[in-house]
2 protein chains.
Amino acid sequence: MGSDCRSDRFKTPTRAVQCAFVTGMTASAGRKGARGRIDKRQAILDAAFTVFARRGYSQACVQEIAEEAGVAKPTVYNHLSDKETLFRHALEAAAEAVSADNLASVERLRDPGDDLRAALEDVAYRMLRVCCDERSRALRWLTYAQVARFPDMIEVVQSRTSSRLAEALADRLARLSLAGRLRRCDPAQAAGHLLALLTGPMEARSLLGTRKVSAAETRTVANAAVDTFLRAYGPEPR
Amino acid sequence: MGSDCRSDRFKTPTRAVQCAFVTGMTASAGRKGARGRIDKRQAILDAAFTVFARRGYSQACVQEIAEEAGVAKPTVYNHLSDKETLFRHALEAAAEAVSADNLASVERLRDPGDDLRAALEDVAYRMLRVCCDERSRALRWLTYAQVARFPDMIEVVQSRTSSRLAEALADRLARLSLAGRLRRCDPAQAAGHLLALLTGPMEARSLLGTRKVSAAETRTVANAAVDTFLRAYGPEPR
DNA sequence: ACTATGGTGAACCCGTCAGTTCAATGTCAG
DNA sequence: CTGACATTGAACTGACGGGTTCACCATAGT
């Protein structure tokens, strides 16, 4: 069987690519059984996000996505009709994953303990980490970059990330306000302001994500934001 | 005479080419009748930004830029060597124009009068108007969208817009702090926080610029930001 | 062993578009 | 008038890439 067509089997199996990029799921090896098809679909979606994040939409070619997924090009089209569908599904999955991470961070405000400032600083740092990691950055970038082509994706992504995060944070701040640990205020506005104080300076420092920001620097940004936030929204002196 | 037409491929971008299109002009148009002595190069750069803003980089074709400028395609290549050069020059000019507008807004803080809050609200509203108008939005969008292809443009644009604005604002805040009208603080951080409080909520409301935000709503955002800012950075009660 | 299912590589069609060439035209300098 | 030169429309080249087709193959379930 060593005919010409089999002679190129020395291609490295890039099948073990990081599926964790989008889904955060463990890279369950693709047993080529009944589940093979599902694994492939997942691998393709993961690879799509990876490549789109690397090249941008128009520069990413389906061939590269196929290679990244360790799959042939026709297989890609077999699972997802075309490039646009690929893009939409990949972004939506990534948005969902980011959302989960964000909500997990905020949840820590449910029991802030005695030291509210410390709790806020902790949550702030975690949110910055999530908001500025590679996946999150790529997601925002891709969405923003393709406004002209897919304007509806803004709504899809925004609702799953910023909006959901702001709402969850507002919930926690409302409780804190009611408990007298923050002054009486509009919790939605307070949440918006806290998030702005965090992400705004962070984006400036990272030059829209192109420059690496150290953990210490991130902590500084987080603490400064919390300080300003507490000056503005902390409990009234009575 | 336009003797430099062919020879300026590598000419420095010296003259900040005023991208008039950004100032709200509508496809100004070198009308074919007036084909005498208009500066074609200017028209081409204006048209380039207009079309890039409309379609994005890769979707914009040089043919359309030529038509927008009222010029033939070879003429475009006669003035600017290729599409990339077109893009870089157009963006840089737009950044320069946005910078000028931003600095003009901040300059109003030089003599804030008796009512600091009112002065800040006025300046905040003006900055929001500048930061969120069509030209500014298109500029940020294009820069962000082409990070993968032209990573260096981030630096070019950022330094002329965000950074320059933040510095100018920090200058004014430093004076106010020294005059006892704000508490003692790091002016750079204060400026960063004020800008974040303004642009963050604004971007959320406008869905990254896709939704129109009314003047009244903009005012609300500005006033809320100033309120929070003054609570955090206002003069200490002593 | 047989067949069905889905995967595979390679070639292919086709549209788009950057960048070029060219002959013709318009405009000015002298 | 004439020559120099920018400009123009149109046609052309070459690259690139989305999407399809097809003949072939590998494995699973029977």
Side-chain angles (χ1 to χ4, degrees), chain A residues 1-15 29-44 47-48 51-52 54-88 90 146 149, chain B residues 1-9 30-44 47-48 51-52 54-88 90 146 149-150:
Chain A
M1 292 287 284
S3 62
D4 49 357
C5 55
R6 312 294 304 134
S7 61
D8 55 341
R9 266 306 170 205
F10 36 78
K11 185 182 150 190
T12 58
T14 47
R15 194 154 302 190
R31 292 182 302 115
K32 315 198 69 169
R35 299 185 44 88
R37 216 180 129 74
I38 298 190
D39 286 346
K40 288 245 162 84
R41 187 193 169 88
Q42 202 49 247
I44 289 169
V51 174
F52 283 136
R54 182 157 60 224
R55 304 252 186 254
Y57 180 78
S58 46
Q59 286 293 100
C61 62
V62 178
Q63 179 63 48
E64 186 176 356
I65 293 173
E67 280 166 14
E68 180 82 23
V71 135
K73 191 162 72 139
T75 305
V76 173
Y77 284 103
N78 186 23
H79 283 269
L80 294 135
S81 52
D82 55 14
K83 195 182 180 186
E84 177 174 338
T85 307
L86 217 45
F87 185 75
R88 292 179 179 279
Q146 294 308 317
R149 216 185 300 232
Chain B
M1 295 282 296
S3 62
D4 59 338
C5 281
R6 239 178 235 286
S7 58
D8 61 352
R9 299 224 163 150
R31 278 304 314 154
K32 302 190 76 171
R35 84 172 52 183
R37 306 279 71 101
I38 19 173
D39 190 356
K40 295 243 164 91
R41 187 194 167 94
Q42 208 46 243
I44 290 168
V51 173
F52 282 137
R54 183 158 59 225
R55 304 250 186 258
Y57 180 78
S58 47
Q59 287 293 98
C61 62
V62 178
Q63 179 61 48
E64 186 176 356
I65 293 174
E67 282 166 14
E68 181 81 23
V71 135
K73 193 163 70 143
T75 304
V76 173
Y77 284 101
N78 187 21
H79 284 269
L80 293 133
S81 53
D82 55 14
K83 196 182 179 184
E84 177 174 339
T85 306
L86 217 44
F87 184 75
R88 291 179 180 280
Q146 295 307 317
R149 215 184 299 233
F150 311 121

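Computed from a predicted model, the values in this text were never measured in an experiment. Protein chains get the first letters and strands the later ones, always in sequence-line order, with residue 1 at the start of each.
- For A/Lys40 and D/dA26, the NZ to P distance is 14 Å, given to the nearest whole Å.
- Remark: A/Glu84 pairs with A/Tyr57, A/Asp82, A/Arg88, A/Phe150 by the side chain to side chain contact (heavy atoms under 4.5 Å, CB included) rule, at least two apart or across chains.
- At D/dT8, one or more side-chain N or O atoms of B/Thr75 fall inside 4.0 Å of OP1 or OP2 (strictly under the cut-off).
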* Let me see the working for A/Glu68 and A/Arg54 under salt bridge (Lys or Arg N to Asp or Glu O under 4.0 Å), right down to the final yes or no. => CA-CA 11 Å; A/Glu68 180 82 23; A/Arg54 182 157 60 224; 3.0 Å; yes
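- Here the NZ atom belonging to A/Lys40 is positioned 10.0 Å from the CG atom belonging to A/Asn78, to the nearest 0.5 angstrom.
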Filtered N/O pairs between nucleotides 12-18 of chain C and protein, under 3.5 Å:
| residue | atom | partner | partner atom | Å |
| --- | --- | --- | --- | --- |
| C/dA18 | OP1 | B/Ala60 | O | 3.1 |
| C/dA18 | OP1 | B/Lys83 | NZ | 2.9 |
| C/dA18 | OP2 | B/Val62 | N | 3.0 |

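- Between A/Ile44 atom CD1 and A/Asp39 atom CG the span is 11.0 Å, to the nearest 0.5 Å.
- Residues satisfying the side chain to side chain donor-acceptor pair (under 3.5 Å) test with A/Arg55, not counting sequence neighbours, are A/Glu64.
- Nearest nucleotide to the B/Pro74 side chain, out of C/dG9, C/dT21, D/dT7: C/dT21.
- In this structure, B/Ile65 CD1 and B/Phe87 CZ are separated by 10.0 Å, a value rounded to the nearest 0.5 Å.
- Distances shorter than 4.0 Å separate none of the side-chain N or O atoms of B/His79 from OP1 or OP2 on D/dA6.
- Look at CZ on A/Arg149: it is 12 Å from C1' on D/dG18, rounded to the nearest Å.
- The distance between atom CD of A/Glu67 and atom P of D/dG18, rounded to the nearest whole Å, is 12 Å.
- Look at B/Asn78 and you won't find any side-chain N or O under 4.0 angstrom from OP1 or OP2 of D/dA6.
- D/dG18 atom P lies 10 Å from atom CD of A/Glu64, rounded to whole Å.
- Following rounding to the nearest Å, A/Asp39 (CG) and C/dG6 (C1') show an atom-to-atom distance of 14 Å.
- Annotation: side chain to side chain donor-acceptor pair (under 3.5 Å) contacts of A/Ser58 (sequence neighbours excluded): B/Ser58.
- For the pair A/Leu86 and A/His79, the minimum side-chain heavy-atom distance is 4.5 Å or more.
- The overall bend of the helix from C/dA1-D/dT30 to C/dG30-D/dC1, read as the angle between its terminal helix axes built from five base pairs each, is 10° when rounded to 10 degrees.
- Proximity of a side-chain donor or acceptor of A/Lys83 to a complementary backbone N or O of A/Ala60 within less than 3.5 Å is detected.
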